[in-house]
Amino acid sequence: MDSPRGPASFATQANALLRKNLCVQKRNLKTNIGITFFPILICVLLIVLQNVINNELDKPKYKCGCVCLETSVDGRCARKECGIQYSTLDQDKAVAEAISRGLFPALSPSLNATDFLDILSMFVAGSDTQPWYIQLLEPAFFSGHTLYLIQPECLPFMSQTISYNTGGILFQLNIQCVEGVPLWRESASIINHEFLKGYRQRGGELNEFIAGYDFLGTTQYGLGVNVWYNSTYNDNTAYSFIATLRVPRLVNAVSNAYLKFIKGTSVEMLLEYVKDMPKVGTSFQLDLSSLLSALFFTWIIELLFPVILTYLVYEKQQKLKIMMKMHGLKDGPYWLISYSYFLALSVVYMLFFVIFGSLIGLKFFRINEYSVQAVFFFTCINLQIALAFFVASFFSSVKMATVVGYMYVFGSGLLGAFLFRFFFEDKTFPYGWILVMEIVPGFSLYRGLYELGQYAFSGSSMGATGMTWRSMKDPLNGMRDVLTIMSVEWALLLILALYLDQASLLGDSVTKNPFSCFRCLQKKHAPSLHEPSFSQQDSKVVLNMEKSDVALERKVVEQLLVDPNANKAIICDKLRKVYAGRDGNPDKLAVRGLSLVLQKGQCFGMLGPNGAGKTSFINMMIGLIRPTSGTAYVHGMDINTDMGTIYTNMGVCPQHNLLWETLTGREHLFFYGRLKNLKGDALVKAVDHSLKSVNLSHGNVGNKQVKKYSGGMKRRLSVAISLIGDPKVVFMDEPSTGLDPASRNNLWNVVREAKRDRAIILTTHSMEEAEVLCDQLGIFVDGDFQCLGNPKELKARYGGTYIFTMTTSPDQEQEVELLVHQLSPSANKIYHLSGTQKFELPKQEVKIAHVFAAVENAKRRLTIHAWGLVDTTLEDVFIKVARGAQAFNEFS
Ligand SMILES: Nc1ncnc2c1ncn2[C@@H]1O[C@H](COP(=O)(O)OP(=O)(O)OP(=O)(O)O)[C@@H](O)[C@H]1O
């Protein structure tokens, strides 16, 4: 296997993570398609609803005017049809035409400039300036634009530039004559059509009609009139003022015309009412999509939040993130790739949404300026990703995160639509509080969408554009504040999320109290500050229990710590772990000041009963939990301060397999190989070799997804991962658990091969495994080593006896006992049952040849069914040491 040339660069790690994420994503294709189609589904739903409503509103019952198509015999209408096309003007045409002729009184050629100004009050002037909300002053007077004078016939003198003096300031006004013609139309629908044709359509404006008059029941005895005034102007939006500047002039004009019509002064004039014109097009429509968009679209966009959140929490819950870190993944590439990955996912999702919405004609997307939408949506998705990273720090369970994520989505949408909306629509509600509420990302998102929806709605009903960058200047447009709040919040949440991420690596309880990391940082520099109160009692136990080999190891460690040339693979210095007591339970001392030295090429085995503290020790060494006190050095680097660097040279096979269910074994190895800076052929070779060595290469197993693996296969893959990339130190927590004998033998060969140029620490419950693999063993009971040494030494030290077993008929038991005591006076009977007896014989008292001779002799007198003499096994040593230590602890 080729060795890596050094730690992987930023780009290499980013590349590895990106490829891994893409693989995971590829496997989640169905879910992704489902997510992407959700907004499309909502858009389709909206457009269907829109069409249903439009069709309904287009029915005759919503139209103006009715005609009778069929009359019954009794003279009643049998079939009636209604519609705007049937509405008629029920008035005297002759009267209307007569009055209309007087609408544009002809000017006399003898008028001078001053007369022009006076006479203007009698005319309805036209100008190409925008009417404003003041009603009394024609803008043409001060804007420098031309004022159009409407005449039945234009003569040369009627177009001229006049000068006038107002308040000492000299103004000039261009007056240009235009010919005006009164027109009669038979029905309201025709008038509507002519007034509104081309209204606000791209490139077209409609200013040719200055007004419309509906003379109602006007006779020579009374004037009753509706005036439709032309209010066409540009850039009107939901919040522009309706200008009624020319209304009084129109009323004035018609009044004068009427006076002329009746040629008398005693006529009573009645102003019925003033009607704004033009209005919406030919049919009544309800832009449902724009009205409902805020709520629906909030849900659509927020739907990505639980998706991102659960992904992040899944990696945390499954400890996949820490597993990646343990194999050298640095924070920079992790953040860059994870963030970019979610951003890319969100951008694609939003593009789908906007493009599809636009294609099917939703006004929300079509009318609002696309650049405004792009900036708003981009800010939203960034804020949402930062929020997910931040919130993920508080969860360790995917289920919980999913529930809370969806509650947030639906809750914030509903609260936005049915509570927050009423606050910001109420102009008397303090604006400061609105801004405070918009700090909740769901509310700011709702507000932004609401604004876009409102602009789209009014834009579509007026035939104008929706929200543009210029609309941001509208005092009532909340989008500007929303964008500011979102941008600031995005940056803040990102910083907080980064901080919490770092904190979670320092403290093992960050999920419960994320802000406890301040304390963690303190601990980092002064570990001994956090000693629990029972340390004294503990040291008494340690002193009493301490065996010579354990004490010797401690001394060696102390010497090595002051020797600057000490180059050991692992040195543990009084490593200690105390778990804080919960629910009224006392603190749990899991590891009591462990000292250990290990050099390259050694495999150290930790034996111990359940709950002895082996996993706690390994977890401290691999950075999963922090030591309460003490430390360890891996190739001279402190696990309390240099874990990041240690990770680049470390391999870990955790007790529980930390794998992505949807990735294949080969993909796992490629990923971790890349993290360890393996490239090209070296990477391919290393992966193939790994798969072969752990028996995962046959039958294409390496290319199957991990979810299809048996427990044993997963275990073998975990071991392969721990060894890929030639790490200098490897930790294996019960590597052979769940393996069948053949796989276990195979695995042992792999470990035996691997330990040649690295240091391995493994925990195991298998004495056989310990004997086969380990050069050095430590029996660990109640958080402390009871003995240290190689398997032979331990057996010699703690064994020291042979086990003699003999099975005879039960009535010969006493004779057997006599025989044994002749061989070894201090023999100890440890077991007997219906003729079978077991004795411990001190090795110094017996010679094996003597035992054989004695048994041969006895065979002449006794009926011996079976007999045996065995040396002490490691298992016997383990049971003896563990029981002794437990008994001592109970006693003390
Ligand atoms: N997070 C924790 N909080 C409190 N106590 C813990 C925690 N983790 C472990 N313990 C306790 O610490 C002691 C040592 O546990 P540990 O898992 O390290 O033992 P072990 O030797 O690895 O056991 P096993 O062989 O069963 O895996 C046990 O009593 C356990 O209950």
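Ligands are counted one by one from 1 in listed order, and the atoms in each one are counted from 1 as well.
Of the protein's heavy atoms, Gln655 NE2, 2.9 Å lies nearest to atom 27 (O) of ligand 1. Nearest protein heavy-atom contact of atom 26 (O) of ligand 1 is Asn610 ND2, 2.9 Å. Among all non-hydrogen protein atoms, the one lying nearest atom 11 (C) of ligand 1 is Lys588 CG, 3.9 Å. Looking from atom 18 (O) of ligand 1 to the surrounding protein, the closest heavy atom is Ser616 OG, 2.6 Å. Atom 25 (O) of ligand 1 has its closest protein heavy atom at Lys614 NZ, 2.8 Å. Among all non-hydrogen protein atoms, the one lying nearest atom 28 (C) of ligand 1 is Gly611 O, 3.8 Å. The protein non-hydrogen atom at the shortest distance from atom 17 (O) of ligand 1 is Thr615 CB, 3.7 Å.
Against a heavy-atom cut-off of under 4.0 Å, Ala590 is close to the following atoms of ligand 1: 12 (O). Heavy-atom contacts of Ala612 reach the following atoms of ligand 1: 19 (O), 20 (P), 21 (O) (cutoff under 4.0 Å). Ligand-side atoms of ligand 1 in range of Glu734: 25 (O), 27 (O), range being under 4.0 angstrom from any heavy atom.
For His765, the closest heavy-atom approach to ligand 1 falls below 4.0 Å. At least one heavy atom of Gly613 sits closer than 4.0 Å to an atom of ligand 1.
With a 6.0 Å radius and a threshold of 12 heavy atoms from other residues, nucleotides or ligands, Lys755 has its NZ atom above the threshold. For Lys714, the NZ atom sits in a packed shell: over 12 heavy atoms of surrounding residues, nucleotides or ligands are nearer than 6.0 Å.
Note on Lys20 versus Glu315: salt bridge recorded, some NZ/NE/NH1/NH2 to OD/OE distance being below 4.0 Å.
Counting only heavy atoms, the protein gets under 4.0 Å from atom 14 (C) of ligand 1. Shown here, atom 31 (O) of ligand 1 is out of close reach of the protein: none of its heavy atoms lies under 4.0 Å off.
Legend: residues meeting ring-ring contact (aromatic ring centres under 6.0 Å, His included) with Trp748, ordered by chain and number and at least two apart, are absent.
When ring centroids are compared, Phe604 and Phe785 come within the 6.0 Å threshold.
Side-chain contact between Glu753 and Ser693 is absent, with no heavy atoms from C-beta onward closer than 4.5 Å.
Ring geometry for Trp660 versus His668: interplanar angle of 30 to 60°, hence tilted.
The option from Tyr579, Phe780, Phe617 that lies nearest to atom 7 (C) of ligand 1, judged by heavy atoms, is Tyr579.
Remark: the backbone N or O of Thr645 is not paired with any side-chain donor or acceptor of Asp642 at under 3.5 angstrom.
Thr664 and Gln705 share no side-chain donor-acceptor pair at under 3.5 Å. Judged purely by distance below 3.5 Å, without hydrogens or angles, the side chains of Ser616 and Asn619 never pair a donor atom with an acceptor atom.
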